[in-house]
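Below, chain A is the first sequence line, B the second, and so on; all start at residue 1. Worth knowing before you read on, the calculation uses all heavy atoms, side chains too, and leaves out hydrogens, waters and symmetry mates.
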Protein chains: 2
Amino acid sequence: MKYIDKLRNSGLRPTKQRLQICKILFDVEKTFHFTINELDQKIKKQIGNKISLATIYNTVHAFEKKGYLKQIPINSNQAYFDTNVTDHHHFYDLKDEKLIDLENSDVGPINILKKINGKKIKSVEVLVKLED
Amino acid sequence: MKYIDKLRNSGLRPTKQRLQICKILFDVEKTFHFTINELDQKIKKQIGNKISLATIYNTVHAFEKKGYLKQIPINSNQAYFDTNVTDHHHFYDLKDEKLIDLENSDVGPINILKKINGKKIKSVEVLVKLED
DNA sequence: CACCTTTTTAGAATCATTATAAAGTAGATC
DNA sequence: GATCTACTTTATAATGATTCTAAAAAGGTG
Ligand SMILES: [Mn+2]
Ligand SMILES: [Mn+2]
Ligand SMILES: [Zn+2]
Ligand SMILES: [Zn+2]
């Protein structure tokens, strides 16, 4: 009951819905990127039942807040999430509208020389747009 | 009649509305970042009259397509545009929800070591999120 | 001016996301 | 195990940015 503990330790009750979403998001070998609608589809397909969209939004946001998911800024149409929460970067294939991971080691160190008074850096993300 | 020519050369008729928007966007010393609503406010305030939101969207998208504006991916809430169309990067102040330019020279060369088969790189953008 | 095309516009439609509020559930207590 | 309470889920409505529509207005050309 790996996810039950994970949720409890985060102060989130391990409900049936949250456990199902955990299974889909984290019980796979590879991390992946998804939109809320894609997750909704995946739940219907893999679990069989449906989870209310409101619950899916709530859960994804709760997981994001706890650091189990990351949101990737791509465009203003819809939110993209990532189950890979390590520091890393992305390709974005403009034609397929798909994200591809770009590990830190594939980019090399990024040195931000400019400083902003009174602010500190929370994250540094590179987005590489791809075309044919 | 600098903007009349600019528009004509782009195959866009120099209408009153487009010229007014040009004036606001390009007739200033410094480039800046804006959302559609901020632009709408600015038009009302600086020009006095109002331009239909549909026209503002149309014009901004037309200018983006022509390369006179760039869209900056920040989050999925609303689109941010930039009158600075040179290659550059951004700070995003999470508290103030404001963009700050980060010139290429403030970041240093970014070497993308990973290649994706059949795709070529269109742009490389760094987003540095700031917190207090 | 007459004609044709592009553009503007108000308003409706769309779509992702968030809010609401009622019903259900988990976990604690007895 | 029944009871209680806070948390969660859910259907549904509301919101807000963006896009669509279709009719009116304006630009450009001869
Ligand atoms: Mn969010
Ligand atoms: Mn657009
Ligand atoms: Zn990723
Ligand atoms: Zn900028």
Side-chain angles (χ1 to χ4, degrees), chain A residues 1 3-25 33-44 47-66 68-69 71-81 97 99, chain B residues 1 3-24 33-44 47-66 68-69 71-81 97:
Chain A
M1 296 310 145
Y3 298 122
I4 293 185
D5 292 344
K6 178 171 183 163
L7 289 171
R8 276 227 180 78
N9 294 337
S10 314
L12 299 170
R13 286 188 182 165
T15 64
K16 179 160 62 91
Q17 291 85 345
R18 284 176 179 159
L19 288 168
Q20 290 178 336
I21 292 176
C22 275
K23 204 170 157 88
I24 287 184
L25 293 180
H33 308 101
F34 65 94
T35 64
I36 294 288
N37 267 319
E38 288 167 356
L39 179 54
D40 187 33
Q41 298 305 311
K42 206 174 267 209
I43 291 166
K44 281 210 266 287
I47 311 285
N49 61 351
K50 123 189 248 317
I51 297 177
S52 160
L53 252 191
T55 298
I56 298 176
Y57 273 101
N58 287 342
T59 302
V60 165
H61 285 146
F63 287 2
E64 184 190 7
K65 190 179 237 173
K66 294 297 175 188
Y68 304 147
L69 290 174
Q71 193 165 352
I72 312 294
I74 300 297
N75 59 44
S76 61
N77 303 326
Q78 77 202 106
Y80 281 75
F81 295 91
E97 299 186 331
L99 282 164
Chain B
M1 299 308 147
Y3 298 121
I4 294 185
D5 291 343
K6 178 171 184 165
L7 290 171
R8 276 229 179 77
N9 294 338
S10 315
L12 299 170
R13 285 186 184 167
T15 64
K16 179 162 64 93
Q17 291 84 347
R18 283 176 180 158
L19 288 169
Q20 291 178 336
I21 292 176
C22 275
K23 202 170 159 87
I24 287 184
H33 308 102
F34 66 93
T35 65
I36 294 288
N37 268 319
E38 288 166 356
L39 179 55
D40 187 33
Q41 298 305 312
K42 207 174 265 211
I43 290 166
K44 281 209 266 286
I47 310 287
N49 61 351
K50 119 187 251 317
I51 297 178
S52 160
L53 254 190
T55 298
I56 298 176
Y57 273 101
N58 287 341
T59 302
V60 166
H61 285 147
F63 287 1
E64 184 189 6
K65 188 178 238 173
K66 293 299 175 185
Y68 304 147
L69 289 174
Q71 192 164 351
I72 313 294
I74 300 296
N75 59 42
S76 61
N77 303 327
Q78 76 201 108
Y80 282 75
F81 294 90
E97 299 186 332

A:Q17 CD - D:dT9 P separation (whole Å): 5 Å
Nucleotide nearest A:R13 when distance is taken to its side chain, options D:dC7, D:dG28, C:dA16: D:dC7
Nearest-Å distance for atom pair CD/C1', residues A:E97 and C:dA16: 15 Å
Among D:dT18, D:dT12, C:dA10, the nucleotide that comes nearest once only the side chain of B:A54 is considered: C:dA10
Rounded distance in Å - CG (A:N58) to C1' (C:dA16): 15 Å
Interatomic spacing from CD in A:Q71 to NE2 in A:H61 - rounded to 0.5 Å: 6.0 Å
Side-chain N,O (A:R8) to OP1/OP2 (C:dG27) below 4.0 Å: yes
Whole-Å distance separating the CG atom of A:L7 from the P atom of D:dT8: 10 Å
Any B:H61 side-chain nitrogen or oxygen under 4.0 Å from OP1 or OP2 of D:dT19: yes
A:T55 vs D:dT8: side-chain N/O to OP1/OP2 distance below 4.0 Å: no
Any donor-acceptor pair under 3.5 Å from B:K66 side chain to B:S10 backbone: yes
From C:dT17, D:dA11, C:dA26, nucleotide with atom closest to A:S52 side chain: D:dA11
Minimum heavy-atom distance B:I74-A:P73, with the two atoms named: O-CB, 2.9 Å
Distance-only donor-acceptor test, B:R18 side-chain atoms vs C:dT7 base atoms, 3.5 Å: no
Distance, rounded to the nearest Å, where A:L53 contributes CG and D:dA11 contributes P: 10 Å
Which residue lies more 5' along DNA chain D, comparing A:K16 with B:L12 via nearest heavy atoms: A:K16
Length of the CD1-P vector between A:I51 and C:dG24, whole Å: 18 Å
Mutual orientation of the aromatic rings belonging to A:Y68 and A:F63 [parallel < 30°, tilted 30-60°, perpendicular > 60°]: perpendicular
Residue B:K65 excluded, over 12 heavy atoms near NZ under 6.0 Å: no
Side-chain N or O of A:N37 closer than 4.0 Å to phosphate OP1/OP2 of C:dA16: yes
D:dA17 OP1/OP2 closer than 4.0 Å to side-chain N/O of B:T35: no
Rounded interatomic separation in angstrom, taking CG from B:L19 and P from C:dT8: 10 Å
A:A79 side chain, from C-beta outward: closest of D:dT10, C:dT7, C:dT17: C:dT17
Contact under 4.0 Å: A:Y57 side-chain N or O vs C:dT18 OP1/OP2: no
Whole angstrom value for the distance that separates P of D:dT19 from CD1 of B:I56: 14 Å
